[in-house]
Amino acid sequence: GESVGLHLPTLSVQEGDNSIINCAYSNSASDYFIWYKQESGKGPQFIIDIRSNMDKRQGQRVTVLLNKTVKHLSLQIAATQPGDSAVYFCADLPLGRRALTFGSGTRLQVQP
Amino acid sequence: GAVVSQHPSRVICKSGTSVKIECRSLDFQATTMFWYRQFPKQSLMLMATSNEGSKATYEQGVEKDKFLINHASLTLSTLTVTSAHPEDSSFYICSASGTGGDSPLHFGNGTRLTVT
């Protein structure tokens, strides 16, 4: 991911709407990608992952899309709930490395 | 699921003192542990990677003599912030990777360090 921000972009959605959170990564050698959710004062919580040989993966209420051509990752959350309010980070794992590189994060605010 | 436990969750110390943070894998053997630092409203930045029984590998710009890492067993890694200063105040988070290779990394709940 590209960790460049000194501020977090915020996505505000209404409860029940779908949310789409985007992420750009910089390392074309990355072959594994993860989305994490981080609530205030807590560590990152795994949401969903995807390998570079796939372009879409679905979980429960979440879908991750990978576009390797433009090095873009997105997280779609269906029927967003207040409990989804948190900061979301994408992370990628470059080939040959074991440490994740985190993107700058997006704050999701769900309005009731 | 895999659980990583961090202790303490919060610590306040005086400038010049040292603080030790523990990271434990509770239900799996962590061959590799990672230490990250997160400043407010910023992302997680990798500080160092430690493999059980060997020296840690530090990222560029991270002082190894200031941030001492010990990974003496497959379930425990410690980070000691030596001679802490107010600028070391941050959220420190560990993660652990098991013997399954590139399985999703599991994170602890972080330690909020405040240096006064």
Side-chain angles (χ1 to χ4, degrees), chain A residues 1-10 21 23-27 29-53 57 59-60 62 64 86-109, chain B residues 1-10 21 23-25 30-52 54 56-60 62 71 90-114:
Chain A
E2 296 180 357
S3 183
V4 296
L6 291 180
H7 68 280
L8 288 172
T10 298
I21 301 171
C23 175
Y25 63 95
S26 56
N27 194 332
S30 293
D31 65 347
Y32 183 53
F33 306 86
I34 306 176
W35 278 101
Y36 286 96
K37 171 186 181 183
Q38 187 180 29
E39 295 174 294
S40 181
K42 295 185 177 181
Q45 177 187 353
F46 171 86
I47 301 174
I48 191 168
D49 60 356
I50 189 169
R51 296 197 176 278
S52 59
N53 60 352
R57 191 164 188 224
Q60 189 176 14
V62 294
V64 55
V87 177
Y88 290 80
F89 292 97
C90 68
D92 65 282
L93 187 65
L95 195 63
R97 290 263 297 173
R98 297 207 68 190
L100 292 171
T101 300
F102 280 79
S104 54
T106 297
R107 180 178 301 282
L108 177 64
Q109 291 181 337
Chain B
V3 177
V4 176
S5 174
Q6 230 177 296
H7 179 81
S9 58
R10 288 179 177 271
I21 302 169
C23 179
R24 294 181 185 272
S25 58
T31 52
T32 308
M33 287 187 171
F34 307 90
W35 287 96
Y36 291 81
R37 179 167 52 183
Q38 185 179 32
F39 291 106
K41 297 185 179 181
Q42 293 191 30
S43 188
L44 284 74
M45 298 300 293
L46 180 68
M47 298 175 67
T49 301
S50 72
N51 293 298
E52 186 265 337
S54 62
T57 303
Y58 290 81
E59 295 299 297
Q60 192 172 8
V62 178
H71 190 166
S90 188
F91 194 49
Y92 292 85
I93 309 171
C94 72
S95 70
S97 181
T99 55
D102 55 1
S103 54
L105 296 184
H106 310 285
F107 285 81
N109 259 336
T111 297
R112 172 74 59 196
L113 171 63
T114 303

- side chain to side chain contact (heavy atoms under 4.5 Å, CB included) partner of B:M33, chosen from B:C94, B:S97, B:C23: B:C23

- Could you tell me whether the side chain of B:N109 and the main chain of A:G43 form a donor-acceptor pair under 3.5 Å? yes

- Message: Donor-acceptor pair, distance only, cut-off 3.5 Å: does the side chain of B:H71 make one with the backbone of B:A30?
- Response: yes

- Task: Please flag which part of B:F39 lies under 4.5 Å from any non-hydrogen atom of chain A: side chain, backbone, both or neither.
- Result: neither

- Query: For the candidates B:R10, B:E59, B:Q38, which exhibits the highest count of non-hydrogen atom pairs separated by less than 4.5 Å from chain A?
  - Reply: B:Q38

- Please state whether the side chain, the backbone, both or neither of A:Q45 comes within less than 4.5 Å of a heavy atom of chain B. neither

- Are any side-chain N or O atoms of B:S43 and backbone N or O atoms of A:G103, one a donor and one an acceptor, separated by less than 3.5 Å? yes

